[in-house]
Amino acid sequence: MVFPLSKIHGIQILRGIAASFIVMLHCIFVYYSRVGPPDEMMARSGLFLGIGVDIFFVISGFIMMLVSVGRHAGGIDFLIDRITRIAPNYWFYTMVLVLTGLALPSLLRAVDINVDAIAKSLLFIPFERPGGDIQPILGVGWTLNYEMFYYLIFSFLMRLPAWQKTLAMIAIFSGLFAVAVMADVGPVFGAFFGNTIVFAFVSGMALYLAVERWGRPRPAASIVALALGLVIWLSTAGPWSPAWSARFLLWGVPASLMVYAALGLSPAGGRISSFLERLGDASYSLYLSHTFTITLLFVIWQRLGFASPPLFILAAFLASIAAGFIAHRIIEVPLTQAARRLIDTRRHRVA
C-alpha cells in the first residue's frame, strides 16, 4: 500500500469541496429554472461548478486502486462491497422520490414513474427520460451509473497488476467511446459512453501509479499542480458546460491536477480544515439529499413571497449542508451498517 487510506486528509477535504460545488450549482439551477433564465453572471457562476463530479471520479479511480492493492478477495467480493456501500442509500432516496411522485405527480413532470424506470434506476441501468435526458429517476444518480459501471469493469480486472489494470481500463473505455461516437448505437449508449468523463476514473488510476512509483508530491509540486488546475478550470467558466467529447480535457485534467495536489498538501488544522474533512465524510449523503432540501426550501420560499435570488441560493446552500450532515448520521451510517451486517451474515453461512 502506498500510504494508509486513513491518512489522506487532503482527499477527504477535496471531497467536501467537490460536493459543495455541486450543491451550489443546483441551488442556482433550481431557482432560475423555475423563475426564468439566469443572467450571464449566474450562469457563469453555476455551470463550471460541475467539475465537482469529475473530481469525485478521479478520487474514485485513485481510491479503488489503493484499496485493491494486496487484496486477496476476488472481484465478486469487491463488487458486493461496493454495492453495499453505494446502493442502499441511493435506493432509499430513489424510493422516496418515487413515492413522492406517485402521491404528487406534478412535482415530477420530467420523469415518467413506471416499473421500467424504477427497475432501471435501482439497477443502475441508463435510460432516456421523456425529455431526452439520460438520467435515472433521482437525477443526480446519473453519476452513480458511471460509478457502478466502473466498479463492474474493475471487478473483472482485480487480479491484474496495477499497471495492467490501468492499461486494460484505458483500452475498454477507449473502445466504448469509439463505438459510441462512430457507430449508430442509439441515444442511450451514445450519450453514456460518448462522454469522456469516464476517463477521469482512468486518470485517478494513473495518479495511483505515479504515487506508487515516485511517492506523494512535495508541497511545492502540489502548489504548482493546484495553480495549474485552477487556471485551466477557471478558463472554462463560461455560460456553457463542455461538450461530452471535450469534458475530460476541460474538466477532467484540472480535476486530476487538484487531486494530485491534495495528495501532497497536508491540512493546516483548525476549524475550517476539520469542517471540510467532516463534510467529505458526509459528501455522499449531501450529494443524494441536497436536491430534496433545495426543492423543499424553494416551495417554502415562494409561499412566503421572498424574491431575492442571492439570499435563496445562500439559504439553500447552508440548509443543504446541514441536512447532509443529519442524513449522514441518521440515514447513511445506519443503512450502510445494516447492509454490511446482512452481507457478513450471509458470507458466514456460506462459509
Side-chain angles (χ1 to χ4, degrees), residues 18 22 50 52-68 71 74-91 93-94 116-129 133-160 162 164-183 185-208 244-245 247-248 251-252 255-256 259 284 287-288:
I22 297 166
V53 173
D54 303 71
I55 293 172
F56 275 122
F57 283 9
V58 176
I59 291 174
S60 183
F62 179 88
I63 295 298
M64 290 307 103
M65 290 285 278
L66 183 60
V67 300
S68 68
R71 186 187 177 105
I76 295 297
D77 287 332
F78 166 82
L79 192 58
I80 290 173
D81 286 343
R82 299 319 303 162
I83 292 172
T84 304
R85 173 69 184 93
I86 298 297
N89 289 276
Y90 173 63
W91 290 343
Y93 288 100
T94 295
D116 184 66
I118 294 171
K120 287 180 176 178
S121 293
L122 297 179
L123 294 175
F124 303 98
I125 299 172
F127 66 94
E128 187 175 10
R129 283 184 173 188
D133 293 328
I134 312 299
Q135 289 183 340
I137 291 173
L138 181 62
V140 295
W142 71 269
T143 65
L144 300 183
N145 289 344
Y146 280 108
E147 288 272 6
M148 292 306 298
F149 180 76
Y150 171 67
Y151 296 150
L152 177 63
I153 300 301
F154 197 93
S155 69
F156 287 107
L157 307 177
M158 278 288 292
R159 300 293 188 181
L160 296 178
Q164 290 183 8
K165 278 195 194 78
T166 306
L167 290 179
M169 196 69 74
I170 292 173
I172 292 168
F173 282 158
S174 296
L176 290 170
F177 176 76
V179 171
V181 299
M182 297 175 63
V185 290
V188 176
F189 187 100
F192 190 78
F193 292 111
N195 191 337
T196 56
I197 195 173
V198 296
F199 292 100
F201 294 115
V202 177
S203 184
M205 297 171 74
L207 283 181
Y208 171 83
W244 290 338
S245 59
R247 179 159 182 155
F248 177 71
W251 284 357
S256 301
V259 173
Y284 187 45
Y287 183 72
L288 292 176

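- Between F192 and Y146, the ring-plane angle classifies as parallel under the 30° and 60° cut-offs.
- Remark: side-chain polar atoms of S155 are not paired, donor with acceptor, to backbone N or O of F78 under 3.5 angstrom.
- Remark: I125 pairs with K120, L123 by the side chain to side chain contact (heavy atoms under 4.5 Å, CB included) rule, at least two apart or across chains.
- F177 places none of its side-chain heavy atoms less than 4.5 Å from the side chain of V198.
- Partners of Y150 by ring-ring contact (aromatic ring centres under 6.0 Å, His included), not counting sequence neighbours, listed by chain and number: F154, F201.
- With a 4.5 Å cut-off on side-chain heavy atoms, V179 and F189 count as touching.
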Would you be so kind as to tabulate the donor-acceptor pairs closer than 3.5 Å made by side chains of residues 136-143, with sequence neighbours excluded?
| unit_1 | atom_1 | unit_2 | atom_2 | d |
| --- | --- | --- | --- | --- |
| T143 | OG1 | V140 | O | 3.2 |
| T143 | OG1 | Y287 | OH | 2.8 |

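- Residues satisfying the ring-ring contact (aromatic ring centres under 6.0 Å, His included) test with Y93, not counting sequence neighbours, are F292.
- Within the 4.5 Å cutoff, the side chain of N195 has heavy atoms near those of the R247 side chain.
- A donor-acceptor distance shorter than 3.5 angstrom exists from the side chain of W91 to the backbone of L122, with no hydrogens or angles considered.
- For F124 and Y90, the ring centers are positioned less than 6.0 Å apart.
- The ring-ring contact (aromatic ring centres under 6.0 Å, His included) search around F149 returns F193, not counting sequence neighbours.
- Every residue two or more places apart in sequence or in another chain that forms a side chain to side chain donor-acceptor pair (under 3.5 Å) with S203 is listed here: S256.
- Distance CG/D81 to CZ/R85: 12.0 Å, rounded to 0.5 Å.
- No side-chain heavy atom of L157 sits less than 4.5 Å from a side-chain heavy atom of Q164.
- Of the possible polar contacts, one joining the Y284 side chain to the I86 backbone as a donor-acceptor pair under 3.5 Å is found.
- Side-chain contact between P126 and Q135 is absent, with no heavy atoms from C-beta onward closer than 4.5 Å.
- Interatomic distance, L144 CG to L288 CG, rounded to the nearest 0.5 Å: 6.0 Å.
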